[in-house]
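Worksheet: the structure to be examined is printed underneath.
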Amino acid sequence: MASYVELLCGLVVLAVAFYYYLVWNFDFWRKRGIPGPEPHLFFGTHKDLIFAKVCVAHVVEDLYRKYRNAPAVGLYNGRSPVLVLHDPELIRTILIKDFTNFADRPQKPHARTEPLSLNLFQLDSVRWRLLRPKLTPMFTSGKLKGMFGLMVECSENFDKYLDHVVMENEVVEVLEATAKYTTDVIGSCAFGINMNTMGQEDSEFREKGKLIFEGNIENAIRLKLRLFLPGFYDLLGFVFPDKRLAPFFTKIVTETMNYRRQNNVYRPDFIHLLMELWDNPERTDSREMTDQLLIAQAYSFFSAGFETSSSAMSWALLELAQNHEIQEKLHQEIKEYMKKYNGEIDYTTMKEMEYLDKVFRETLRKYPPAALLLRTATTDYTFETLNLSIPKSTEIWIPMFAIQRDPAIYPDPLKFDPERFTKEAIATRHPMYHLSFGDGPRNCIGNRFAIFQTKLGLLRILLRYKVDICEKTKLPCEFDPNAWLLSHKGGIYLKMTKIE
């Protein structure tokens, strides 16, 4: 009998110790004078996110409104503290001024479970510093100008594709249509491959693109495990490694490189840049420049390049379909541009379309690709203005979705108003109030590529088509809580009518 009592007492002691282990850090922010919601056992403050009850955009927006006057808010990922920054000067400190102290992102690579996660976006700051300068030459103005003709060719194919689609049915799921266009652009400019997604219904590249971002059950589970149980997710690599994407992209990249070597093919694109790194490891740290690492960069360029641009195009079209005056004004600018240059679209002259640029910026203001910018402290750090010290590895959230919809910064924020981006209006706002491509050394490396790709696609559509909402258009829009990027649940359906 005594042994049972001792066993029971031992179990109680272990249970109590485990409980205190889980909650002992829950006063972290309170002791430091940082406001925030009360955490819960196991989930911290992220319970609704973990169970996908709401999307992250609405979570951060609600927090932002509740603690609007606080420069920072404290959250908990499980038992680990997370700092949310509202003050623009603190945000500038994180992204630019003291970047070296916040050079990491919380999303770590999971090489065994997801070999393609060894990409520039997720790499730790040490390997990121090694790789970023090697990839930057792909995105210089000279390189983009050289690739622009390929973009134009893809946009011409997009024009023909739209003719076919609209002829069959005027109601178009615009995210799918624009994703086919951007997939072909990436295929041509990055891989030197004619992916022909607009010429076939069962394009393997398009199917793989869908797999990356669609809000299916497997993607949702993998996303939650990456964010909230990264250690456990690493262990899954022994049982459930990624077999959907990694083998496909490994095969495509290696076969393309081998073909070019065997046939002495030169093409100034992303694959060529990777080949130079592959063939000349002495230019870098050969211990780090592995085949797997380089293949992951090609995958990253593909995934980020097609999805963010097609999403921006779709959101812009949805807003233009509801705001015909803006659509008509943009149509006139495009028409005048084409007339001025005899129907020729040029990398340099495209910059003359100021209203197109305003529409693009306002689209990203209202619908940034991601709701948050994420960073991690690489050292212990003290915010002097807050009199706040945080330990190394503290996660930082910058809620750009909420900031870019703050009525104190952008009056009537749900209104789509391109005039917010006149030079005069921009000059009145803090530069940290528009961060759709990030800022500082770790900003989006392909932002200029994305800008031209998106604008060119919109130009092609609006030159010859008028867009309207229809019975299948879901308004107000509902964001998908299972999607990694900001995504309209159920798709964006619009009526497209050819302009005679």
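Note that the structure is a prediction, hence the values are computed from the model and not measured. Below, each value reflects all heavy atoms present in this structure, side chains not excepted, and no hydrogens, waters or symmetry copies.
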I'd like a table of donor-acceptor pairs (distance under 3.5 Å, sequence neighbours excluded) in which one partner is a side-chain atom from residues 292-299, with atom names and distances.
{"unit_1": "Q297", "atom_1": "OE1", "unit_2": "L120", "atom_2": "N", "d": "2.8"}
{"unit_1": "Q297", "atom_1": "NE2", "unit_2": "L118", "atom_2": "O", "d": "2.7"}
{"unit_1": "Q297", "atom_1": "NE2", "unit_2": "L293", "atom_2": "O", "d": "2.7"}

Legend entry - Backbone of L318 reached by a side-chain donor or acceptor of Q322 within 3.5 Å: yes

Legend entry - Residue pair V359 / T363: nearest heavy atoms and the distance that separates them: O-OG1, 2.8 Å

Legend entry - Backbone N/O of F121 and side chain of N119: donor-acceptor pair under 3.5 Å: yes

Inset, instruction - Could you tell me which residues satisfy side-chain hydrogen bond (donor to acceptor under 3.5 Å, both in side chains) with Y465, sequence neighbours excluded, listed by chain and number? - result: D163

Inset, instruction - Please check if the side chain of E114 supplies one atom and the backbone of D242 the other of a donor-acceptor pair under 3.5 Å. - result: no

Inset, instruction - Would you check if I398 and L95 make a side-chain contact, meaning some heavy-atom pair closer than 4.5 Å? - result: yes

Inset, instruction - Verify the distance criterion only: is there a donor paired with an acceptor across the side chains of Y433 and R365 at less than 3.5 Å? - result: no

Legend entry - Close side-chain approach of L494 and V172, heavy atoms under 4.5 Å: no

Inset, instruction - Decide whether T93 and D98 meet the rule of one side-chain donor and one side-chain acceptor closer than 3.5 Å. - result: no

Inset, instruction - Check A57 against F479 and note the closest heavy-atom contact, atom names and distance. - result: CB-CD1, 4.5 Å

Legend entry - Between CD1 on residue I451 and OG1 on residue T454, distance to nearest 0.5 Å: 8.0 Å

Legend entry - Side chain proximity check, Y493 to E176, heavy atoms < 4.5 angstrom: no

Inset, instruction - Using a cut-off of 6.0 Å, state whether more than 12 heavy atoms not belonging to R267 lie near its atom CZ. - result: yes

Could you pull out all donor-acceptor pairs under 3.5 Å where a side-chain atom in residues 368-378 meets a protein atom, sequence neighbours excluded?
{"unit_1": "R375", "atom_1": "NH2", "unit_2": "R442", "atom_2": "O", "d": "3.4"}
{"unit_1": "T378", "atom_1": "OG1", "unit_2": "T100", "atom_2": "O", "d": "3.0"}
{"unit_1": "T378", "atom_1": "OG1", "unit_2": "N101", "atom_2": "O", "d": "3.1"}

Legend entry - Exam field: side chain K472 to backbone I469, donor-acceptor pair closer than 3.5 Å: no

Inset, instruction - Quick one: do Y347 and S141 satisfy side-chain contact (heavy atoms from CB on, under 4.5 Å)? Show the steps, please. - result: CA-CA 10 Å; Y347 173 83; S141 295; 3.9 Å; yes

Legend entry - Pair listing, salt bridge (Lys or Arg N to Asp or Glu O under 4.0 Å) test, anchored in residues 324-339, at least two apart: K329-E419

Inset, instruction - Identify the heavy atoms of C154 and S188 that sit nearest to each other, and give their distance. - result: SG-CB, 4.1 Å

Inset, instruction - Give a yes or no on whether the backbone of R420 and the side-chain of R429 come within a donor-acceptor separation of less than 3.5 Å. - result: yes

Legend entry - Exercise: identify the closest heavy-atom pair between P399 and H86: CG-CD2, 4.0 Å

Inset, instruction - State which residues pass salt bridge (Lys or Arg N to Asp or Glu O under 4.0 Å) with D234; sequence neighbours excluded, sorted by chain then number. - result: none

Inset, instruction - Mark yes when over 12 heavy atoms from residues, nucleotides or ligands other than E354 sit less than 6.0 Å from its CD; otherwise mark no. - result: no

Inset, instruction - First locate atom CD of E319, then atom CZ of F416, and finally report the distance between them rounded to the nearest 0.5 Å. - result: 5.5 Å

Inset, instruction - Return the orientation label for the H488 and W315 ring planes: parallel under 30°, perpendicular over 60°, tilted otherwise. - result: parallel

Inset, instruction - Drop me the distance from L90's CG to K97's NZ, to the nearest 0.5 angstrom. - result: 10.0 Å

Inset, instruction - Determine, using ring centers only, whether F270 and F302 are less than 6.0 Å apart. - result: no

Inset, instruction - Check whether any side-chain heavy atom of L458 sits under 4.5 Å from a side-chain heavy atom of L317, and report yes or no. - result: yes

Inset, instruction - Could you verify whether a donor N or O on one side chain and an acceptor N or O on the other, from Q332 and Y355, lie under 3.5 Å apart? - result: no

Inset, instruction - Can you measure from CZ (R129) to CG (L123) and round to the nearest 0.5 angstrom? - result: 12.5 Å

Inset, instruction - Test side-chain contact (heavy atoms from CB on, under 4.5 Å) on M138 and M147 and set out the steps. - result: CA-CA 10 Å; M138 178 65 184; M147 289 187 290; 3.5 Å; yes

Inset, instruction - Taking all heavy atoms of D480 and all of C55, pick out the closest pair and write down the distance. - result: O-CB, 4.1 Å

Legend entry - Flag if over 12 foreign heavy atoms under 6.0 Å of NZ, K495: no

Inset, instruction - State the OG1-OH distance between T254 and Y259, to the nearest 0.5 angstrom. - result: 15.5 Å

Inset, instruction - Look at the aromatic rings of Y337 and Y341 and report parallel, tilted or perpendicular, splitting at 30° and 60°. - result: tilted

Inset, instruction - State whether the side chain of N342 and the backbone N or O of E344 hold a donor-acceptor pair below 3.5 Å, judged by distance alone. - result: no

Legend entry - Flag, side chain of Q404 to backbone of L435, donor-acceptor distance under 3.5 Å: yes

Inset, instruction - Using a strict cut-off of less than 4.0 Å between a Lys/Arg side-chain nitrogen and an Asp/Glu carboxylate oxygen, indicate whether K180 and D184 qualify as a salt bridge. - result: no

Inset, instruction - Side-chain contact test, heavy atoms from C-beta onward, threshold under 4.5 Å: evaluate it for M350 versus F148 and give yes or no. - result: yes

Inset, instruction - List the steps and the verdict of side-chain contact (heavy atoms from CB on, under 4.5 Å) for I426 and H434. - result: CA-CA 10 Å; I426 292 172; H434 195 274; over 6 Å; no

Legend entry - Contact summary for L486 and F401, nearest pair of heavy atoms: CD2-CE1, 3.9 Å

Legend entry - Side-chain touch I271/F301, heavy atoms, less than 4.5 angstrom: no

Legend entry - Main-chain N/O of F139 paired with R448 side-chain donor or acceptor, under 3.5 Å: yes

Legend entry - Main-chain N/O of V152 paired with S155 side-chain donor or acceptor, under 3.5 Å: yes

Inset, instruction - For residues M496 and V467, determine if any side-chain heavy atom of one lies less than 4.5 Å from a side-chain heavy atom of the other. - result: yes

Inset, instruction - Might you work through the side chain to side chain donor-acceptor pair (under 3.5 Å) test for Q122 and H110, ending with a clear yes or no? - result: CA-CA 9 Å; Q122 293 178 250; H110 301 277; 5.5 Å; no

Inset, instruction - Could you tell me the separation between the CE atom of M275 and the CG atom of N258, rounded to the nearest 0.5 Å? - result: 8.5 Å

Inset, instruction - Compare all side-chain heavy atoms of L456 with those of F158 and state whether any distance is below 4.5 angstrom. - result: no

Legend entry - For R405, salt bridge (Lys or Arg N to Asp or Glu O under 4.0 Å) partners two or more places apart: none

Inset, instruction - Apply side-chain contact (heavy atoms from CB on, under 4.5 Å) to the pair L135 and L277, showing each step before the final yes or no. - result: CA-CA 9 Å; L135 299 181; L277 295 177; 4.2 Å; yes

Legend entry - Backbone N/O of P241 and side chain of T113: donor-acceptor pair under 3.5 Å: no

